[in-house]
Amino acid sequence: MKKFLKYILLFCIPILLHFAAYVIIDPFKVIRDYDVEMYEDTASVFKTSDVMISTMRFIKQREKYHYDSFIFENSRSLNFKVKDWEKHISEPSSCFHFWTSNGYIKSWHDKVLFIDEIGDTIKNALCVVDHDMLSVLERNDKVSAEPPVLCHNNNWVDFHIANYKAFCNFMYMEAVVDYKIFGQYRPYMKKYIQPTPRPHSSDLRTNEPYTNENEAKITAGTYYDEAHLKSFENVQKPGTFSEHILTDKERLLIREIREVFDRHHTNYEIILGPQYDQIKLNDDTMNFLYETFGREHVHDFTGVNKWTSDYHNYYESSHYRPCVAKEIMDIVYNKNKIENDK
């Protein structure tokens, strides 16, 4: 029996040491509390998820900045710049870009309801959605799992399991522990961690990235090389429609978003961005959005149009450029202004 217990102990020691390293290092900043600067995205040697960064920045700064205007959802929303949006909304407004890399319906819903539940105001909302985002109810991977604070801690276990599983990648763990102990960046680490902490890459107040390096390359004529052009090949499917039909649960969550907007008398717009794939949102989902938010608040730029017909409007097949987003905002808000002036 003693021999058996000895083997069990020997087996458990590496697991306990691994878990201890995870807790002590806290590579994804999900265990302990940190100052807002510590949640900086690319300044972090060990990659913290975007939704974690967005959430903690909002929570830690909401009383200081009194946010009342929000841009929601996935990485495509990032090109809708706060400085451009502010020209179209009522002043004064305090804006926050509440984004997630891989957005999904529940994340959008939980952010909106969280702001409402803590008693903050949603005076303006710009919601950038697409058929990819609307086809997913929720995600539980480390990159996308939302912080438990957004959903009454209902996902506490799943959230921490997702983060711990990411640390279980042996090569990643080796790079993290090596760097943490010796403070030296070695070539093999490149795939797993950032080489050095860098200056802030985003505006801490608005949670929006600073200038995009890709734009500088486009201006210099060096961006669209062979590798980038290849990313546009065989992507477009003109004349096709998205396949996912919203479930009853997804429809309920979206209706609850509308209910919050109604309570706050929110000036909101729902934008379906021009994805390069030229796939139109299916009629069933489109009609539901019209019915829920009002046709005047839902703006469909999917399918074949002047933006999706030219790859120069995109960095790659998934993300359009800020100049496209700015033009879309001008169209949406100027159209509303004309209609309101009638």
Problem set entry | Test: Asp300 and Lys280 ion pair at under 4.0 Å | yes
Exercise. With hydrophobic residues grouped by side-chain heavy-atom distances under 4.5 Å, do Ile328 and Ile279 end up in a single group?
Worked result: no
Exercise. Heavy-atom distance under 4.5 Å between the side chains of Ser93 and Asp68, does that happen here?
Worked result: yes
Exercise. Can Met52 be reached from Val23 by stepping across I, L, V, M, F, W or Y side chains whose heavy atoms are under 4.5 Å apart?
Worked result: yes
For this session: Give me the ring orientation class for Phe96 and Phe70: parallel if the planes are under 30° apart, tilted from 30 to 60°, perpendicular past 60°.
Result: perpendicular
Exercise. Is there a side-chain contact between Ser54 and Thr100, using heavy atoms and a 4.5 Å cut-off?
Worked result: no
Problem set entry | Tyr224 and Phe232 aromatic ring geometry - parallel, tilted or perpendicular at 30°/60° bounds | tilted
For this session: Indicate yes or no: does Lys106 engage Glu146 in a salt bridge with an N to O separation below 4.0 Å.
Result: yes
Exercise. Looking at Glu73 and Lys111, does any basic side-chain N land under 4.0 Å from a carboxylate oxygen?
Worked result: yes
Exercise. Taking the six-membered ring for Trp, are Phe293 and Phe261 parallel (under 30°), tilted (30 to 60°) or perpendicular (over 60°)?
Worked result: tilted
Exercise. Are more than 12 heavy atoms from other residues, nucleotides or ligands located less than 6.0 Å from atom NZ of Lys81?
Worked result: yes
Exercise. Looking only at side chains, do Asn124 and His88 share a donor and an acceptor under 3.5 Å apart?
Worked result: no
Exercise. Crowded around Asn234 CG? As in, over 12 foreign heavy atoms under 6.0 Å?
Worked result: no
For this session: Taking only Lys NZ, Arg NE, NH1 and NH2, and the carboxylate oxygens of Asp or Glu, determine whether Lys306 and Asp310 approach each other closer than 4.0 Å.
Result: no
For this session: Verify the distance criterion only: is there a donor paired with an acceptor across the side chains of Tyr315 and Glu215 at less than 3.5 Å?
Result: yes
Exercise. Is there a side-chain contact between Tyr22 and Val30, using heavy atoms and a 4.5 Å cut-off?
Worked result: yes
Problem set entry | Cluster check Ile181, Phe167: I/L/V/M/F/W/Y, side chain < 4.5 angstrom | yes
